[in-house]
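See structure below.
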Amino acid sequence: MGKLFRRFHYWLRRSRMDAELAEEMEFHRSLAGRRAMGPSTLALEDARAVWIWPWLESLWRDLAYGARAMLHQPGFTAVALIALGSAIGVNTSLFTIFNGLALKPWPIRDPARMVILGQNYSVAEYRYLAEHTRALSGAVAMGHCGVRLEGRQAGCSAVSGNYFGVLGVEMQLGRGFRTDEDRVDTPQAVVVLSHALWRNRFGQDPDIVGRRVKLDDVPFIVVGVTSRDFLGTPSGDIWIPLPSRRLLRPDDPGMLQFLTSPRFCCANVAGRLAPGIAREQARAETELLLNQFRSQFGLQKIKVELRDTRWLSGAATNDKSGPILAILGILFLAVTLVLLLACANVGNLLLARAAARRQEIAVRLSLGGSRLRIVRQLLVESLALALAASAVGLAAAGVLPGILARRLEPAAAAHMRPDVSVLLYTIVLAVAACIAFGLAPALHATRGNLADALRQEARLPGLRLSLRGFLLSVQVAVSVVLLSSAGLLVRAVQRAETMDPGFVINGISVVSLDLPASEYAGPRTAAFAQQLQAQLEGAGVGLCDWQPLSNSRRQTNFRLPGEDEQNGRSIDFHEVNAAYFDVLGIPVLAGRNFASGDAARQAVMVNEAMARRYFPGENPVGKSIVWTVPREIVGLVKDASTQGLGPAEPILYIPFRAASVPKILLRGGPPAAERVSAAARQLEPRVEVRVAPLAEAFDQARQPAEIGAVLAGGIGILALLLASIGMSGVFA
Amino acid sequence: MGKPHAPLDLLPGTLDLLILKALARETLHGYGIAQKLKDSSDDVLQVGESSLYPALQRLLLNGWVKAEWGASENNRRARYYTLTAAGRKQMAGEREDFDRMIAAIQKVLQTA
């Protein structure tokens with residue numbers, strides 16, 4: 001043991017030790033009068049090798065021996081490799097996903113100097129900070145903005161004008177934003193596209209810069225395309241300057257307030273540390289500045305925390321990261337159990353094999369072989385096995401996460417590749433697994449003496465059975481846990497499929513209309529929408545501003561009568577006509593449905609969730625709310641999960657205002673939609689009409705849960721396979 | 001002193017024993033050990049640095065000697081080796097083995 005310690009001590013201080021040795025030998029040569037005594041470097045190497053070589057060499061010998069032993073028992077090796085390889089494979093794959101999702105820093109220049117303040121800051125607050133900070137060489141703000149690009153939903157980030165400059169994002173084409181495009185009073189219709197969007201939607205058109213693209217119904221000019229590596233923070237398809245959101249919502253006064261009022265929420269703020277400034281310094285300065293600003297407006301003091309961009313803020317995380325991480329946590333637990341199962345499995349196989357080698361080991365022990373040496377050799381053999389299995393696992397990690405990511409979050413797929421941290425994780429896993437499955441059999445095999453071993457040849461049972469029994473019960477227990485939880489999860493997903501969303505999905509068609517971009521902006525679009533609405537009056541088709549289950553929503557602030565004006569409550573709102581509720585089969589529970597003239601009267605309807613939260617125990621019909629003006633609640637409808645699957649959230653329904661092209665909902669398939677198409681074409685012959693079943697959107701909304709069930713089922717089946725391999729190995 | 005013999009190769013494993021023996025009564029640096037072996041063997045055993053230093057490292061590794069830096073007779077920094085308790089025990093054991101081995105070899109040579 002002292003020898004091992006001395007070797008370790010040498011290894012820790014090897015450069016100093018080597019220098020001392022060289023000095024000592026030089027001294028020797030000077031005393032010897034520089035007579036030829038053989039080449040001194042060779043002598044030095046020989047002397048140094050005493051400390052290192054035998055240890056490495058014997059390790060290598062053991063590894064080679066282990067590899068040869070594996071080749072000599074192809075059956076055992078194949079079973080062990082499949083079991084361990086698949087277990088390490090699922091672990092490494094999951095870690096690769098986690099790594100890509102949560103651990104990778106932002107894909108920008110020098111990400112280590114970026115710090116994240118968080119997302120509860122008003123844009124005005126951010127402006128104050130960006131202007132006054134010294135500790136940050138630049139602060140950026142960003143927020144989510146849902147828009148359609150050329151008619152299709154796009155992940156949009158509204159960012160401060162210095163965003164690309166401060167982050168140091170390289171541009172494939174064109175430029176990032178300029179500061180003069182970041183003025184609240186003169187919003188510019190400019191947009192930067194992501195590389196993926198440019199490739200998928202515009203065929204890598206080299207002349208894209210300067211072209212107009214339509215965001216919602218407003219033409220924007222493309223000024224740049226980001227480099228391929230930059231996915232966004234979080235990932236997105238397009239970027240516009242913060243003030244440009246006004247152009248997308250010209251008639252929404254809330255937007256100007258969002259951009260200028262210190263009370264409006266929310267923007268994500270991040271900053272780059274100035275050279276030579278530590279994070280704590282920047283934190284103190286930022287907190288001081290923000291609280292200065294907040295005290296001017298009588299706002300509460302806040303504590304500021306600066307996080308690095310690594311943990312849970314990587315390219316692929318977004319608002320959904322909470323539940324995703326929870327799911328990942330559960331999956332981690334499951335795959336750890338699978339690994340445990342595989343270890344118990346292989347451990348049992350090794351134990352059976354060690355029984356066959358027991359005589360050999362006993363003879364070696366009795367001839368004076370040290371027990372430590374033999375245990376080490378057995379462990380190194382296990383290590384060879386574990387390392388081979390991790391190669392299998394790494395190969396799986398190179399393939400599986402990409403397939404999953406492409407289905408769940410295509411933008412993030414590029415990040416789901418194994419990197420150095422994945423490699424390290426796999427190696428740590430292999431070593432841990434090797435100790436888990438190899439140590440007990442190794443210690444067990446070297447116990448006892450020659451006589452015992454020879455005697456036990458006759459009767460195999462004995463001590464060994466208890467260890468085997470233990471490993472077997474671990475396998476059974478783990479696989480039961482895994483299988484039953486997989487079963488429960490599959491059952492839960494089945495229930496979700498049959499869950500009542502509160503509205504009719506089957507047999508409903510969604511008609512989307514796309515107007516020629518260059519000619520339709522603002523007033524002309526509204527005129528088209530109004531004419532269409534008039535044409536479809538009484539046709540029994542639902543009109544609304546956004547399609548149910550399309551992951552889109554609009555929000556506003558309202559207050560209850562008598563409340564302070566500062567007391568804004570955020571709520572979803574949805575523009576619909578009366579037929580919307582009929583088509584989707586959402587019953588009116590109290591009061592009445594919308595009627596003509598309701599738009600002028602500023603009437604609103606609410607759902608049960610809204611009534612429960614803001615008028616608990618009361619009938620909301622006849623009451624009113626204030627949203628810029630007082631509005632009367634004329635009807636109460638049953639909850640319907642139109643915003644997305646899950647419990648319905650409070651929602652305000654307002655009469656369809658015909659300010660933008662509606663989404664049209666109707667019962668029946670494409671033939672039933674013919675009348676709507678005809679009406680639209682009559683108004684504008686160049687309109688593009690798309691008809692899609694609502695069930696399609698429903699399927700998409702359900703997909704993550706389905707993939708989760710497939711994963712859980714897969715892990716469960718893997719567990720079952722491993723357990724049965726283990727049992728048959730023991731009983732055979 | 002007499003006529004110097006040509007340097008001989010050592011029997012395998014004996015160098016360690018000789019170094020331990022050289023250090024039995026005094027603390028020496030590497031060159032000093034080589035000199036002492038040479039002097040006490042009437043110039044027969046000339047140990048070169050290419051075998052001396054690996055052997056010294058081996059003894060250090062096994063904990064049979066320990067090394068300390070000190071000033072040499074000409075005031076240069078030199079590493080001095082001292083026998084440890086474990087080294088003394090090892091020397092006694094090896095000495096016994098060596099004597100047995102030599103006796104056995106002698107016996108074979110005389111009877112053959």
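Computed from a predicted structure; not experimentally measured. Every chain is numbered from 1 and lettered A, B, ... according to where its sequence line falls, protein lines coming before strand lines.
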Residue B:A55 versus chain A: region with a heavy atom under 4.5 Å: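 Neither the backbone nor the side chain of B:A55 comes within 4.5 Å of chain A.
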Distance-minimising heavy-atom pair for B:Q57 and A:A47: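 Closest approach of B:Q57 to A:A47: CG-O, 3.2 Å.
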Pairs flagged by salt bridge (Lys or Arg N to Asp or Glu O under 4.0 Å) wherever residues 52-70 of chain B is involved - sequence neighbours left out: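 Qualifying pairs: B:D16-B:R58.
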Could you grab the distance from atom [atom1] of [X] to atom [atom2] of [Y], nearest 0.5 Å is fine?
{"X": "A:E26", "Y": "B:R77", "atom1": "CD", "atom2": "CZ", "result": "13.5 Å"}
{"X": "A:E23", "Y": "B:W69", "atom1": "CD", "atom2": "CH2", "result": "4.0 Å"}
{"X": "A:R6", "Y": "B:L60", "atom1": "CZ", "atom2": "CG", "result": "8.5 Å"}

Residues B:Y31, A:M25; criterion side chain to side chain contact (heavy atoms under 4.5 Å, CB included); working and verdict: CA-CA 9 Å; B:Y31 183 74; A:M25 290 174 72; over 6 Å; no
Test side chain to side chain contact (heavy atoms under 4.5 Å, CB included) applied to B:H29 and A:F27, step by step: CA-CA 10 Å; B:H29 52 61; A:F27 170 72; 3.9 Å; yes
All side chain to side chain donor-acceptor pair (under 3.5 Å) counterparts of B:K21, not counting sequence neighbours: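 B:K21: no side chain to side chain donor-acceptor pair (under 3.5 Å) contacts found.
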Choice from B:G32, B:A67, B:S72, B:P54 maximising heavy atom contacts with chain A below 4.5 Å: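 If we count pairs closer than 4.5 Å to chain A, B:P54 comes out on top.
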Note, A:L31 side chain near B:R76 side chain (heavy atom, < 4.5 Å):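 Side-chain contact under 4.5 Å: no.
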